Amino acid sequence: MTLPKSFDAAEAEPRIYAEWEGSNAFAAGANAQRDETFSIVIPPPNVTGSLHMGHAFNNTLQDILIRWHRMRGFDTLWQPGTDHAGIATQMVVERELAKSGRSRTDFSREDFLDLVWEQKRKSRGNIRSQLQRLGASCDWAREAFTMAGAPGDPEGAPGGQNFHDAVIRVFLELYEKGLIYRGKRLVNWDPHFETAISDLEVENLEVDGFMWHFKYPLANGETYTYVERDADGNVVLEEERDYISIATTRPETMLGDGAVAVHPSDARYAPIVGKLCEIPVGPREHRRLIPIITDDYPDPDFGSGAVKITGAHDFNDYAVARRAGIPCYRLMDTRARMRDDGDAYAEAAMRAQEIVSGLKLSDAEIDAINLVPDELRGLDRFEARERVVEAITEEGLAVMTTDEEGNAVPLVERKKIMAPYGDRSKVVIEPMLTDQWFVDAEKIVGPAIEAVKTGETTILPESDRKVYFHWLENIEPWCISRQLWWGHRMPVWYGFDLAREGFRDDEGDGALDPVEVGRLLSHQHLLRGEERHHAAHDFESVRRQFDDVLAGLPTPLNHARVVEVADREAALHTIAESLAEYSVSQDPTHLVYPVWQDPDVMDTWFSSGIWPIGTLGWPEDTPELRKYFPTSVLITGFDIIFFWVARMMMMQYAIVGERPFDTVYVHALVRDEQGKKMSKSLGNVLDPIDLIDEFGADAVRFTLAVLAAMGRDVKLSKDRIAGYRNFGTKLWNAARFAEMNGAVCGQDGVPEATAPVNRWILGETARVREEVDAALEAFRFNDAAAALYAFTWHRVCDWYVEFSKPLLQGEDEGLKAETQRVMGWVIDQCLILLHPFMPFITEELWDVLAERRKMLIHADWPQYQAADLADAAADAEMRWVIAVIEEVRSVRAQMHVPAGQYVPILATEIDAEGRRAWDRNAALIKRLARIDSLSEVESFPRGTATVALEGTTLGLPLEGLIDVAEEKARLEKTQAKLDKEIRGLSGRLSNPQFAANAPEEVVEEARENLAAREDERARVAEALSRLAEIG
RNA sequence: GGGUGAUUAGCUCAGUGGUAGAGCGCUUCGUUCACAUCGAAGAUGUCGGGAGUUCGAAUCUCUCAUCACCCA
């Protein structure tokens, strides 16, 4: 049976993939023939996501390494799975609900989560089947999910792998070691999703903005002399001022100012440091006064040099406020609207003023103060900004300047400002002071840095090490709580802190009297009070912790029974009711103590942070964990070095004390052919599945591999993919030729060869095998792919297949049989070596060409050495044969000899070696160069086109056909090229320093080279002078 | 502002001190029985500018310019 003319990828790919899967070819340990293991955990894509070019790239590289190791007999595991992508997945479901006018809050948390689980079930197969289209040979039976086994998971924990329990356990371990804490800190708040996000989920974009300049009047009408000097110290401005000028891009936050700061070295403001100034917004009768302080943060050369400090809405201000003990007043609610809660403005402002005068309040008490003037309450932050600007301007407290016509106008600079945007929501992020959970990253970062410094873990390319170090060495606390429903819920319960001051047992008699119980009933205290919390795997275990606390309280509280309620509000209600009942019944056994679970969930990256151990079964001591951990390689995009790689390093060390992987290979971005980032808005997105449909998975994979130069972006074009699709067809047709000519595939071992052409290709094959192994060993995917391309196309197809034709179709049966064996072997080697890159087409050919013991996916990777297979004499001979053919072809083309016409050829001065080479390869040369005979002559007849080669000069007698001018031009061009080379070589050789300093072999090579070039030059010169005679 | 990388053929890019390369594109020729998703031949470069180290620099150093990305 003859093969069809090309490979039908659409038909074959699913069929072949099914055969692999059906025979468990991807299973962990399949084809293992040695003890060494090789394992990769897949960077988990979002469960609701779909495959984009970056995934295709990333997984192609992983599959190449996995298949290569599996064929080499390593005990290999490629661990697949997806993550639950908190915000993204919740967003998908909410968007779906929005279509029918519903929202998340129309459902109970449990009901909503059921919808998300359903969505997860629907989307999960998506990315998996896309990876399968690509040919990814993951062990799908082990497919993991970062929320597997969480409450509500309808599938339970497949394979007994309960990722949820592992995540909770990690949280508790870190919590108990004091590495996770709860605190009120400034976080990035996403007003759209109403959740905190980490600083990595914020994109800073440059947008058009304004800088306003306002006057903050000094308290009690005080004045000072404001003096400005130039660089030489000369006074350029001197005036009496009763205010300090402040520049801001966010006037609405002035309402929450706690101070004005200037640099300690700034002489202009030295006279007023320590004095009070007035915030020029809000009702005049309740203007707040704030102190003027010094701090290193303000830049004296920027704006007025004075900065307003709004600790609750700006990260820099927050740092200043913390240093100086300035209160941070929160101005907005969870949707970034101006607060509309708490006391009226007049009372709030008064209370804030008391703090300036020395009143000490707790963070919670300060947070309860709402400093938004009544008329601005409930407004959107941007609307509030306009109103504030208007009010100040109206009052005449804007700094003025003159416009082109000389009118006085408020000074408002238009300028580019960096604004933070949520990477998912695309709305402006609001720094917000809230209670959140944090990982004390600084305490666990050490081993992660050390591991890369000592080389325990290698990061490639090396330049990415710096990025990694820079981030880790400046690490900030990691906010891991998210105000979402979809995710691992915090295993933390809260209860009122009844032991706090104010609930004291006045008499110390171990029992509370009615007055004291009545005090407990006061909601205000409970509302404003702090809670105590305990962390545990479940309510039952946390209850015991609360029991212990209650036991230490006075009667009747020590009798209270711990019950779980929905939230804080329910708890208030429950405890009030219970105490009221007690005050009537005086029966302590009916008292209940309500606790409620933290509603927040953990950052998705916290759970994917334990991906390497979690997927292998930790905390159980599984055989897989013992065998495949630490994993061998992580292949991932540079964009998640911080999000994921650095955190995995930290967390694996913190939990199991070991590196998660030996090597991290960081790849760059896939861009379009102009080098632009692929984005939906630009419309330049290439969908890998479309490309696979059009060109086949092998072509897409090979293209990505050959473009994967380390540390460089991949610029992808369809032309390029089409080119490598053609490469597949080329391979296919070489195999087709081999099959049609009785090539023997499926032999054991390397065939014996006597003919130079066969000996030559054995050596070439061994060389490319070494090259491919070396390149893959060094993660140089592009070098490996390029070497295979050049070998398969330019050595096997262009030369070896052509050379083989006269032998396979010739009379010499022995030579024919040898060539059939060598041809079959060479084709087999191409299939084996290309399989990691182009798995489908190679597997198909492997199957068609011979009966095999195993599928190609499990074929043995060769180990032969060029040192054993290469034959220098055969190499030299074939180089000469190729040179003869190329030169003759070149002359023919330039002299316009019809392509199909056979011509005689003449030789002068042919040496014995040349004669032998000719004789042995005459059939090949004659056929490939279209020559009918070779005769030796003393000298060429008139009208001969000459070819100068090492050891001989060949001539094509073209009497009457030759164009003298053209031939002269051709020879002169050759001569010029030779002259240039000779000049370079002799220049070097005549320099005594060269001989003295350069290595022996370099000098020797140059000398030989020069001799050969000079020999050729002499022949060309001779030909030219002969031509001159005719001319 | 800090950091990283880049600048090589028309385009996209390899190339870690020893005679400048690949793919695509372009020009000419070619339907001989593996392949027109092909074959043969060909053109195209002050390796961003400048300086230095070296017998020798696309490659190492410095500097300038331009671009890109990351972090403030």
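Reminder, nothing fancy here: chain letters follow the sequence lines and each chain counts from 1. For clarity, every value in this text was computed on a predicted model and none was experimentally measured.
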Carboxylate-amine/guanidinium proximity below 4.0 Å for Arg1007(A) and Glu1004(A): yes
- prompt: So, are Glu770(A) and Arg767(A) salt-bridged, with charged N and O less than 4.0 Å apart?
  reply: no
field: Spacing of the C1' atoms in rA34(B) and rC67(B) (rounded, Å)
entry: 47 Å
- prompt: Contact class for Ala734(A) vs. all strands (heavy atom < 4.0 Å): base, sugar-phosphate, or nothing?
  reply: base
statement: Here the distance between atom C1' of rC29(B) and atom CE of Met895(A), to the nearest Å, is 14 Å
message: If I pick the P atom on rU54(B) and the same atom on rG5(B), what distance separates them, to the nearest angstrom?
response: 26 Å
query: Taking atom P in both rC24(B) and rA40(B), what distance in whole Å separates the two?
result: 12 Å
Intra- and interstrand pairs of RNA chain B - dot-bracket, Watson-Crick/G-U under 3.5 Å, | marks other strand: ((((((((.[[[[.)..(..]]]].(((((.......))))).....[[[[[..)....]]]]]))))))).
Spacing of the P atoms in rU61(B) and rG25(B) (rounded, Å): 37 Å
- request: Could you work out the separation of rU31(B) and rC26(B) based on their C1' atoms and round it to a whole Å?
  value: 23 Å
field: Nearest-angstrom distance from the residue atom CG of Leu707(A) to C1' of rA22(B)
entry: 11 Å
- request: Rounded to the nearest angstrom, tell me the gap between atom CZ in Arg892(A) and atom P in rG30(B).
  value: 13 Å
query: Tell me: CG of Asp798(A) to C1' of rC35(B), nearest whole Å?
result: 11 Å
message: Applying a 4.0 Å non-hydrogen cut-off, can you work out what Val706(A) is touching in the nucleic acid: base, sugar-phosphate, or nothing?
response: nothing
message: Nearest whole Å is fine: how far is rA40(B) P from His896(A) NE2?
response: 20 Å
query: Roughly how many Å is it from CZ in Arg970(A) to P in rG42(B), rounded to a whole number?
result: 10 Å
field: Pairs flagged by salt bridge (charged side-chain N to carboxylate O under 4.0 Å, His left out) wherever residues 693-711 of chain A is involved - sequence neighbours left out
entry: Asp63(A)-Arg701(A), Arg133(A)-Asp693(A), Glu694(A)-Lys718(A)
message: What's Arg780(A) touching, base or sugar-phosphate or nothing? Going by heavy atoms closer than 4.0 Å.
response: sugar-phosphate
query: For Glu802(A), which contact category applies under a 4.0 Å heavy-atom criterion: base, sugar-phosphate, or nothing?
result: base
message: Tell me the interatomic distance from Asn782(A), atom CG, to rU12(B), atom P, rounded to whole angstroms.
response: 18 Å
query: Within the structure, does a side-chain N or O atom of Ser890(A) lie under 4.0 Å from either OP1 or OP2 of rG42(B)?
result: yes
- prompt: Which residues satisfy the salt bridge (Lys or Arg N to Asp or Glu O under 4.0 Å) test with Asp295(A), sequence neighbours excluded?
  reply: Arg323(A)
message: Between the base of rA34(B) and the side chain of Lys805(A), is one N or O donor paired with an acceptor at under 3.5 angstrom?
response: yes
message: Is the phosphate of rG39(B) approached by Trp799(A) (side-chain N or O, under 4.0 Å from OP1 or OP2)?
response: no
List every contact pair, protein side and nucleotides 54-60 of chain B side both N or O, where the distance is under 3.5 Å.
{"from": "rC55(B)", "atom 1": "O2'", "to": "Asn991(A)", "atom 2": "ND2", "distance (Å)": "2.7"}

- prompt: With sequence neighbours left out, which residue pairs that include part of residues 798-810 of chain A fulfil the salt bridge (charged side-chain N to carboxylate O under 4.0 Å, His left out) condition?
  reply: Glu802(A)-Lys805(A)
- request: Please determine if a side-chain N or O atom of Lys730(A) lies less than 4.0 Å away from the OP1 or OP2 oxygen of rC35(B).
  value: no
- prompt: Below 3.5 Å, does any donor atom in the side chain of Arg930(A) face an acceptor in the base of rU32(B), or the other way round?
  reply: yes
task: Give one of base, sugar-phosphate or nothing for Arg725(A), where a contact means two heavy atoms less than 4.0 Å apart.
output: base
message: Suppose you measure atom P in rU66(B) against the same atom in rA58(B); what distance do you get, rounded to whole Å?
response: 25 Å
message: At 4.0 Å (heavy atoms only), tell me whether Asn1009(A) reaches a base, stays on the sugar-phosphate, or touches nothing.
response: base
- prompt: Should we say atom CD of Glu11(A) is surrounded by more than 12 heavy atoms from elsewhere, each under 6.0 Å from it?
  reply: yes
- prompt: Okay, side chain of Arg892(A), backbone of Ala899(A): is any donor-acceptor separation there less than 3.5 Å?
  reply: yes
query: Is there a ring-ring contact (aromatic ring centres under 6.0 Å, His included) between Tyr789(A) and Tyr724(A) once you walk through the steps?
result: CA-CA 9 Å; Tyr789(A) 183 97; Tyr724(A) 293 112; 5.4 Å; yes
- request: Count the heavy atoms of every other residue, nucleotide or ligand shown that sit under 6.0 Å from NE2 of His794(A), and state whether that count exceeds 12.
  value: yes
query: Are Phe727(A) and Phe837(A) close enough, and set up right, to give a ring-ring contact (aromatic ring centres under 6.0 Å, His included), and what steps lead you there?
result: CA-CA 12 Å; Phe727(A) 174 56; Phe837(A) 301 84; 10.0 Å; no
message: Once you apply a heavy-atom cut-off of 4.0 Å, does Phe727(A) come out as touching a base, just sugar-phosphate, or nothing?
response: nothing
What donor-acceptor contacts under 3.5 angstrom involve side-chain atoms of residues 819-828 of chain A, with partners at least two apart or in another chain?
{"from": "Thr819(A)", "atom 1": "OG1", "to": "Asn758(A)", "atom 2": "ND2", "distance (Å)": "3.2"}
{"from": "Thr819(A)", "atom 1": "OG1", "to": "Leu815(A)", "atom 2": "O", "distance (Å)": "2.8"}
{"from": "Gln820(A)", "atom 1": "NE2", "to": "Asn741(A)", "atom 2": "O", "distance (Å)": "3.0"}
{"from": "Asp828(A)", "atom 1": "OD1", "to": "Arg852(A)", "atom 2": "NH1", "distance (Å)": "3.2"}
{"from": "Asp828(A)", "atom 1": "OD1", "to": "Arg852(A)", "atom 2": "NH2", "distance (Å)": "2.9"}
{"from": "Asp828(A)", "atom 1": "OD2", "to": "Gly746(A)", "atom 2": "N", "distance (Å)": "2.6"}
{"from": "Asp828(A)", "atom 1": "OD2", "to": "Arg852(A)", "atom 2": "NH1", "distance (Å)": "3.0"}

field: Atom-pair distance (NE2 on His794(A); C1' on rA40(B)), nearest Å
entry: 13 Å
